[in-house]
Amino acid sequence: MFSFLTSRRIVSILLGAFIVLLVLGALIPQENSSPLFEVNVWQNNHPLLAKVTQVVGGTKLYTSYPFLVVSGLLLLSTAMCTVQRIGLLRKEELPSIDTDFSVELSPQALEEGYAEVVTYVRHCLRKHGCFAKTESFPVEAIVVVRKGGLGRWGSVLFHFSFLILLIGALASVWTRSEGSFILTEGQSFRGTPAEFVSRQPAALPWYGVGDFEIVLQQFVPQEGQPPTYASKLIFSQEGKEAERLDVRTFQAGSYAGRTFYQKEHGFSPRFLVKTAAGQDLFDGFVALASSFSDDEVRYENVFSIVEGSLKIEGQLFPDAVQKAGQWRSLSPKPNRPVFLARIEQRGVPVFEGPIPLGEALELEGLQISFTELRYWSGLQMVTDLGVPILYAGFFLGCLGLVLRTLISSETFWLKAVPSAETTSLVLYGAAERDQALFAEKFQVLVDELRAGLREMKGDTIRE
Amino acid sequence: MNDTALFWIALAGYLVAIILLLVSLKKDEALAAKGVWVVCVALVVHTVSLGLRWQAAGHLPGNDLYELNSVGGWLTVAIYLWIQYQYPKFRGLGAVILLLTIGMMLYGVSKPHAIAPLSDEYQSGWFFVHILSAFYAYGCYVIATSAGLLYLVRHYRGGPFSERLPSQDLLENLNGRLIGYGFCSHAIMLTSGAIWANSAWGRYWGWDPVETWSLITWLVYAFHLHARTFLHWKGQRLAWISVVALITIVFTFWGVPHLPTQPGQPG
């Protein structure tokens, strides 16, 4: 099994199969990731293709067995290869003498000893970032320079990062929970199930809501195109303020392992309902749902006040004007808020018309006032213990690749070669990969040596 | 003079350099050195153009397709000059690289390119790591593919013209090495993109067509490196894979927005 999974041919086949599956996933709208509307449109436009893909599981490709099997085998294979590579690192692979580039230096000069030439060669190598150090080597050499050993660790690190990514992905699947809640300015969220709409509960029994209190201190809309928004949040724990956080559109904030995203917003008008005797029946904020279209934003809702047997339905115009009998808003800013209401009492319509901010409506036995207008903010809260592990995997993978691609193993060595007449000094070079490019580099070094030695000793190089 | 005028001057400079580099392959080799100098001057003009754009917009260029392709072209030419400095034999390669770069820049300038403030979702350091690593990767891939194309020219068409090109071994080495650099940068792009997406939208991976195609291209290059290192594939097979891989990148830009899986497409 080990040799099967570490077979280079098998890895290539798995990689190819994975690419093909991804291409299919990108071409066929996926029920898990594409909007339902897009999926339906595609299925209506391509009925036959849609049927075939549904039968073979192509519309849920990323959770289908072929995808999970191929990606699982690929990850397993990468894990095995990592183990194999750690083993290979122990075996030192030294270049063989016959796979090198060589140049013979100074036969004449050596009659008077070669210490000076050796010193000069060391100097030249150092200039090219190659530092000589004493170490055992299969051939008897005067100077040995080896660099780029770290590059081999890069490959191990890169493969190892896939294991970390696998662990991170599993942790993410088991612990990720997503949900949302809305807060009107000044209100607080205490994490009770009634306050939190869970969109994706974690697979493990992991309490993802938290035991803290969040207060929306202020919601700040900002000018600009497109407009942006910020929620100023105060986090408290055990009654004490712990942290203040600004969560902006596209700029999340984190607290206690939870990440908060600014998702939606709207207006919450405050209504006060009193009886003729002055008894308060209702005093509270009602969050209006926001719906966005190309040319307008609508803020509307329907709510009931049981005590007064009232059903209030209405739409808010934050910057209201009335033209040709129609209400509209000049801007989304709350400059002149008007609530256009339709009120029923005990199922009978009793009022239909505008209630401007600060004004009261007198009905039979009841007074309804629109006393205040605040923003509400919709926040998404995500907990995912896999994210830091995934980031660590990403980081290790990138580091491994940087080491592997930027550092490759090169070796230079200088050897004394005796002949019938004299002893020659020969410089050899070997590279782990890209030999043609290395030959170019070797040639630059040789040209430099040639020029330097000619200056020192006259014409001294023979190739 | 505004940034767009300088952009066109730089583009013209690259065009002149292509002519000089091509003529040098046919006739006079001394023209190649002049061609490289023209590229250097055009790159300086291009740098000033991007600098002016940066100053006027108040943010790093990267807000629209014009800026993205201009930065991409600039990085590609800069990498080419660095290679040229390291390995002087690669002069002929410049003509192919500059041709692909001009194509990229012309595509960008054909799109609307009025200076606009950076929208909120792009105001993240990770976004700039994402786009810079993307274009460094694409620059490396463009040069690697150019080397692959010249390899194929040498392989399929002999004669004196081919003899003037760098050797096949050199072209193959350059192809592999730059794909390695690009692959590395591509990984940084995917990583920074995931971190950026997580901070902006609350998800690090959503299987949307753009990110899936980006992963596909990365895997195609992974296949190239794997085939080169472990299966010991050589020569035209690797050159062809690098050409196909670049086509997948072009598809990511031009094809993916028209896929039925892309939000907003009628299917």
Side-chain angles (χ1 to χ4, degrees), chain A residues 8-9 11-12 15-16 18-19 22-23 25-30 32-35 38 41-46 61-62 158 172 178 222 224-226 228 248-252 259 261 263 380 382 384 387 390-391 394-395 397-398 401-402 404-406 408 433-441, chain B residues 86-89 116-117 119-124 166-174 176-177 180-181 183-185 187-188 190-192 194-195 198-204 206-209 212-213 215-216 219-220 222-223 226-231 256 259-267:
Chain A
R8 286 155 184 184
R9 200 167 287 276
V11 174
S12 303
L15 199 55
F18 192 61
I19 292 172
L22 287 183
V23 171
L27 293 175
I28 302 164
Q30 296 298 304
N32 322 39
S33 56
S34 304
E38 308 279 348
V41 168
W42 184 82
Q43 285 174 344
N44 288 338
N45 290 350
H46 308 88
L61 196 108
Y62 302 125
F158 176 63
S172 183
E178 273 182 50
Q222 281 157 355
Q225 202 47 255
T228 61
R248 294 164 54 85
T249 332
F250 303 120
Q251 287 172 26
T259 312
Y261 301 87
K263 281 292 169 191
Q380 185 191 357
V382 176
D384 191 338
V387 169
L390 284 168
Y391 285 0
F394 285 150
F395 174 75
C398 290
L401 275 177
V402 168
R404 185 66 192 132
T405 50
L406 296 185
S408 78
R433 57 176 192 240
D434 297 339
Q435 273 79 11
L437 288 174
F438 179 74
E440 290 288 303
K441 207 163 127 179
Chain B
Q86 293 270 312
Y87 305 103
K89 283 187 181 170
S119 64
D120 232 28
E121 60 195 294
Y122 297 145
Q123 287 181 9
S124 159
S167 72
Q168 282 182 308
D169 282 350
L170 267 179
L171 288 168
E172 190 187 297
N173 278 191
L174 186 73
R177 183 168 286 192
Y181 292 164
F183 184 72
C184 185
S185 193
I188 295 172
L190 289 172
T191 301
S192 53
I195 297 174
N198 195 44
S199 70
W201 296 287
R203 57 161 185 79
Y204 45 85
W207 294 113
D208 79 44
T212 307
W213 271 99
L215 179 64
I216 289 168
L219 290 172
V220 171
F223 184 81
H226 203 266
R228 181 172 188 249
T229 313
F230 298 118
L231 301 181
V256 169
L259 282 180
T261 39
Q262 183 70 6
Q265 288 304 311

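Here is the naming used below: chain letters follow the sequence lines, and residue numbers restart at 1 for every chain.
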- Those residues that, when tested against B:Tyr204, pass ring-ring contact (aromatic ring centres under 6.0 Å, His included) (two or more places apart):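 So B:Tyr204 forms no ring-ring contact (aromatic ring centres under 6.0 Å, His included) with any residue.
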Give, as side chain, backbone, both or neither, the part of [X] having an atom under 4.5 angstrom from any heavy atom of chain B.
X	result
A:Thr259	neither
A:Leu15	side chain
A:Gln251	both
A:Arg248	side chain

- Item | Region of B:Leu219 in contact with chain A, defined by heavy-atom distances below 4.5 Å |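 Both backbone and side chain.
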- Message: Please rank B:Ala187, B:Gly180, B:Ser199 by heavy-atom pairs under 4.5 Å with chain A and give me the top one.
- Response: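 Among the listed options, the one with the most contacts to chain A is B:Ser199.
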- Task: Among B:Ser167, B:Ala227, B:Ala200, single out the residue with the greatest number of heavy-atom pairs under 4.5 Å to chain A.
- Result: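 Option with the top pair count is B:Ala200.
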- Which residue out of A:Ser408, A:Gly397, A:Cys398 racks up the most heavy-atom pairs below 4.5 Å with chain B?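 Going by pairs under 4.5 Å, I would pick A:Cys398.
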- Task: Find the one option among A:Phe395, A:Phe18, A:Phe158 whose heavy-atom pairs under 4.5 Å with chain B are most numerous.
- Result: A:Phe158
- Query: With A:Thr405, which residues qualify under side-chain contact (heavy atoms from CB on, under 4.5 Å), at least two apart?
  - Reply: B:Tyr181, B:Cys184
- Task: Measure the acute angle between the ring planes of A:Tyr62 and B:Trp207, then classify it against the limits of 30° and 60° as parallel, tilted or perpendicular.
- Result: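 Plane angle under 30°, so parallel.
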- Looking only at atom types and distance, does a side-chain atom of B:Asp169 sit under 3.5 Å from a main-chain N or O of A:Ala436, one as donor and one as acceptor?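 Looks like no, no N/O pair under 3.5 Å.
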